[in-house]
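Beneath this line is the structure, given in structure tokens, with notes to follow.
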There are 2 protein chains.
Amino acid sequence: MFLGRFSHNLDAKGRLAIPAKFRAAVADGLVVTRGIDRCLSVYPLAAWQSFADRLSALSKTDSDVRLFQRMVFAEAMDEVLDGQGRIVVPPELRRYAGIEREATIVGMNTHIEIWEPARWEALSAAVEDEGASIAQRLADLI
Amino acid sequence: MFLGRFSHNLDAKGRLAIPAKFRAAVADGLVVTRGIDRCLSVYPLAAWQSFADRLSALSKTDSDVRLFQRMVFAEAMDEVLDGQGRIVVPPELRRYAGIEREATIVGMNTHIEIWEPARWEALSAAVEDEGASIAQRLADLI
DNA sequence: ACCGACTTCCCCACTTATCCCCACTTCCAC
DNA sequence: GTGGAAGTGGGGATAAGTGGGGAAGTCGGT
């Protein structure tokens with residue numbers, strides 16, 4: 001269960017510390033890849049397997065499906081935490097998410113997202129304005 | 001079953017004592033997050049799980065769903081009581097609810113709410129005046 | 001094939017924040 | 001009045017975040 005929001009810095013070598021609360025859940029490996037909305041997604045190995053299986057099962061006759069599969073799989077990177085609980089964020093993914101030094105790490109229950117801070121702030125501000133109406137719309141779904 | 005209203009103080013480290021009557025129900029963990037109307041909500045772990053599972057199950061292809069998930073999960077924090085029956089209220093959540101030193105803790109049957117005292121007072125006063133009419137409007141719902 | 005340069009990984013060190021434990025005071029119950 | 005539990009506060013130990021250095025492996029060039 002990933003919950004909470006954290007601000008960590010990448011060092012000169014592109015390493016990013018995973019919050020201590022999250023480390024146990026990704027201790028046996030993780031996969032970092034492109035997420036939706038220009039963020040990065042980090043999945044525990046087991047969760048990644050089921051996600052990848054479902055994505056692979058989609059109809060390949062749909063061009064959008066193929067595009068999405070390529071986006072996800074091509075840039076995916078499987079890693080393990082180093083001794084200090086960090087991962088290396090590949091330059092390709094850093095560029096995709098616009099991350100340079102600071103990063104906002106967000107728990108999303110089943111997976112982790114990594115954001116460029118300003119981008120996350122923009123999202124957060126949008127919710128301040130529209131949050132109530134979104135909650136209203138989703139209320140009957142939950 | 002959470003009932004009653006309590007006034008406790010946060011100490012310099014942002015710790016807040018949970019009323020003794022409530023501790024057994026959250027002994028195996030709790031989640032504190034943003035509530036509606038600028039209060040904080042505290043859920044026992046089990047209750048939170050069922051809510052989180054339903055929210056996670058929604059389709060991530062809907063951008064409103066993603067937005068809502070991000071706000072709910074990012075601002076939530078799972079904790080356990082310390083030896084004195086306290087929790088730490090993270091600074092972001094304190095700011096959201098406007099809580100500084102004093103806090104009003106309210107039992108809401110299934111969960112707990114934490115309020116900035118003045119805000120709670122205003123709400124309470126409004127209910128004293130309009131209670132009957134509110135009840136009237138809800139009459140057919142109950 | 002050998003040498004050199006670069007990258008990558010691992011380990012160590014420092015600063016800061018967090019957690020845990022202990023102690024005091026107050027309030028309620030007996 | 002006395003005992004116990006609950007609320008409050010502070011201090012010390014421990015872990016977390018961050019940065020840098022060194023060894024090993026890889027790649028390219030000579």
Side-chain angles (χ1 to χ4, degrees), chain A residues 2-32 40 42 75-95 99-107 112-117 120, chain B residues 2-32 40 42 45 76-95 99-107 112-117 120:
Chain A
F2 301 109
L3 293 178
R5 180 168 51 83
F6 305 85
S7 292
H8 288 172
N9 296 329
L10 282 82
D11 62 20
K13 302 178 184 178
R15 297 177 297 189
L16 179 67
I18 299 297
K21 292 184 71 174
F22 294 172
R23 287 178 193 167
V26 294
D28 51 343
L30 59 91
V31 174
V32 50
L40 304 181
V42 176
E75 303 300 334
M77 200 75 185
D78 64 310
E79 305 193 40
V80 292
L81 299 178
D82 71 4
Q84 277 66 41
R86 295 175 290 194
I87 59 171
V88 176
V89 183
E92 284 290 325
L93 291 176
R94 284 213 300 274
R95 200 174 321 126
I99 294 169
E100 295 186 355
R101 185 157 191 282
E102 289 180 273
T104 298
I105 303 173
V106 180
I112 304 167
E113 287 184 350
I114 302 172
W115 289 79
E116 194 276 321
W120 174 263
Chain B
F2 302 110
L3 295 177
R5 179 174 53 84
F6 305 83
S7 293
H8 287 170
N9 295 329
L10 281 81
D11 62 20
K13 300 180 183 178
R15 297 178 296 191
L16 177 68
I18 298 298
K21 289 183 66 178
F22 294 172
R23 288 177 193 168
V26 294
D28 52 343
L30 59 92
V31 174
V32 51
L40 303 182
V42 177
L45 200 55
M77 209 64 185
D78 65 309
E79 306 195 39
V80 292
L81 299 178
D82 70 5
Q84 279 64 42
R86 295 175 291 193
I87 59 171
V88 177
V89 183
E92 299 89 19
L93 290 176
R94 285 212 299 274
R95 204 174 318 126
I99 294 170
E100 295 188 354
R101 185 155 192 283
E102 290 180 273
T104 299
I105 303 173
V106 182
I112 304 168
E113 285 184 353
I114 303 172
W115 288 80
E116 194 276 320
W120 172 260

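So that the names make sense, note that chain A is the first sequence line, chain B the second, and so on, each numbered from 1.
Sequence neighbours left out, the pairs with a member in residues 15-28 of chain A that pass side-chain hydrogen bond (donor to acceptor under 3.5 Å, both in side chains) are A/Asp11-A/Arg15, A/Lys21-B/Asp78.
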At under 4.0 Å between heavy atoms, which parts of nucleotides 6-20 of chain C does protein reach? Answer with one letter per nucleotide, 5' to 3': B base, S sugar-phosphate only, - none.
---BBBB------BB
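OP1 or OP2 of D/dG9 lies within a sub-4.0 Å distance of a side-chain N or O belonging to B/Arg101.
With respect to A/Ile87, the side chain to side chain contact (heavy atoms under 4.5 Å, CB included) criterion is satisfied by exactly one of A/Val80, A/Val26, A/Ile18: A/Ile18.
Shown here are the ring-ring contact (aromatic ring centres under 6.0 Å, His included) partners of A/Phe6, two or more places apart in sequence or in another chain: A/Phe22. Shown here are the side chain to side chain contact (heavy atoms under 4.5 Å, CB included) partners of B/Glu100, two or more places apart in sequence or in another chain: there are none. With sequence neighbours excluded, the residues that form a side-chain hydrogen bond (donor to acceptor under 3.5 Å, both in side chains) with A/Asp82 are A/Arg86. Evaluation of the side chain to side chain contact (heavy atoms under 4.5 Å, CB included) rule for B/Glu116 yields B/Ile99, B/Ala118, B/Arg119 as partners, not counting sequence neighbours. Scored by the side chain to side chain contact (heavy atoms under 4.5 Å, CB included) test, A/Arg5 finds A/Thr104, A/Val106, A/Trp120, B/Ala74, B/Glu75, B/Glu92 as partners (sequence neighbours excluded).
For the helix from C/dA1-D/dT30 to C/dC30-D/dG1, the rotation axes defined at the first and last 5 base pairs enclose an angle of 30°, given to the nearest 10°.
Comparing A/Ala12 and A/Phe6 by the nucleotide of DNA chain D that holds the closest heavy atom to each, the one mapping nearer the 5' end is A/Phe6.
The distance between atom CD1 of A/Ile105 and atom C1' of D/dG17, rounded to the nearest whole Å, is 11 Å. Distance, B/Leu10 CG to D/dG9 P: 10 Å, rounded to whole Å. D/dG7 atom P lies 11 Å from atom CG of B/Asn9, rounded to whole Å. Between B/Asp11 atom CG and D/dG10 atom P there is a gap of 8 Å when expressed in whole angstrom units.
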Short heteroatom pairs, N/O only, protein and nucleotides 24-27 of chain C, under 3.5 Å:
none

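Scanning both residues, A/Pro90 and A/Glu79, for their nearest heavy atoms gives CD-OE2, 4.1 Å. The two residues A/Leu16 and A/Ile114 come nearest to each other via the heavy atoms CD2-CD1, 3.8 Å.
Taking every heavy atom of residues 17-28 of chain A and every atom of DNA chain D, pairs under 4.0 Å involve A/Ile18, A/Pro19, A/Ala20, A/Arg23, by number.
Counting heavy atoms from C-beta on, the side chains of A/Val32 and A/Ile112 never come closer than 4.5 Å. Counting heavy atoms from C-beta outward, A/Ser7 and A/Glu102 have side chains that stay 4.5 Å or more apart.
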